[in-house]
Amino acid sequence: MTRPADQETLEIIRNNWQQVCHDVAEACKQAGRDPTEVTIVGVAKYVDAALTAQLVAAGCTIIGENRPQVLWEKFDWFQQNGISMPRWHMIGHLQRNKVRRTLASVNMIQSVDSVRLAKELSDEAVRQNREVDFLVDVNLTQDATKTGIGREELATQASALSDLPNLRWCGLMAMSSLDADSATIANEFSEVRKLRDELQQSLVGKSDLRELSMGMSGDYREAIAQGATLVRIGTRLWNGIL
Ligand SMILES: *Cc1c(COP(=O)(O)O)cnc(C)c1O
């Protein structure tokens, strides 16, 4: 059970949001980076639409959801209640039969974890006459429990991904290994960044892979130090709420 979306809850969420903004800016400074280079995606999968709206009211402009159906329901709820829309980012596995409805509500799909899904998204985006941003979910540790496209496949498919009609390939998304220590996490994120740099070199003039979506509540510092431009923060935003 979470709290009702009352005034007191809004105060808590405001404080959490400001704290997270402060901590992310601090991590940027530590890494010698300009805080404007890093955008916080508020991951709202733990709460309902009303609390998600409170996070938006607190100042969060991008909401991340990992389940397509929940994303649609929240999108509809915002629309029905006349609340100004945040940007919606899909960050979890997207089943092919959910492509059509998801495309109609999202600004970015961060979790493109197969070439086949990318092609489906492109076909549907053409049908809907929309342009949609996407990131490729990469799995560089060959961890079978993680989703994502591996290094070799990405190398051979990069050009095809870049050419897909109505889709704009904007970069990579990655998750660090569960229970890894800080040095291992930093190393994994560094590998993702290197891969992005290599891909970018091969796609000059075709795609602008400016985004690196890496880092969550527990490892955003390591991610920012390794070049993250999007950090996906959930748990820390809902302190005192969950
Ligand atoms: C839940 C989730 C997050 C947020 O994780 P926290 O540890 O709660 O900050 C980030 N990315 C993805 C893909 C998620 O599913």
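Ligands are counted one by one from 1 in listed order, and the atoms in each one are counted from 1 as well.
Paired with Trp238 under the rule side chain to side chain contact (heavy atoms under 4.5 Å, CB included), one option of Ile13, Val43, Ile12, Asn16 passes, and it is Ile13.
When Lys45, His89, Gln110, Met173 are checked for heavy-atom proximity to atom 2 (C) of ligand 1, Lys45 turns out nearest. Comparing heavy-atom distances from atom 5 (O) of ligand 1 across Met90, Met175, Met214, Met216 singles out Met216 as nearest.
Less than 4.0 angstrom separates some heavy atom of Ile233 from each of these atoms of ligand 1: 9 (O). Taking every heavy atom of Tyr46 and a limit of under 4.0 angstrom, the matching atoms of ligand 1 come to 1 (C), 5 (O), 6 (P), 8 (O).
Judged by distance alone, the side chains of Asp137 and Ser111 never bring a donor and an acceptor atom under 3.5 Å apart. Remark: the Asp34 side chain and the Thr36 side chain contain an N/O donor-acceptor pair separated by less than 3.5 Å.
What sits closest to atom 13 (C) of ligand 1 on the protein, heavy atoms only, is Ile91 O, 3.4 Å. The closest protein non-hydrogen atom to atom 9 (O) of ligand 1 is Ser217 OG, 2.6 Å. Counting only heavy atoms of the protein, atom 4 (C) of ligand 1 lies nearest to Arg232 O, 3.6 Å. Among all non-hydrogen protein atoms, the one lying nearest atom 6 (P) of ligand 1 is Thr235 OG1, 3.4 Å.
The salt bridge (Lys or Arg N to Asp or Glu O under 4.0 Å) pairs that include a residue from residues 51-74 are Glu65-Lys74, where partners are two or more places apart or lie in different chains.
Of all the heavy atoms in Leu55 and Gly42, the pair that sits closest is CD2-CA, 4.1 Å.
When the ring-ring contact (aromatic ring centres under 6.0 Å, His included) test is applied to Phe78, the partners found at least two apart in sequence or on another chain are Trp88.
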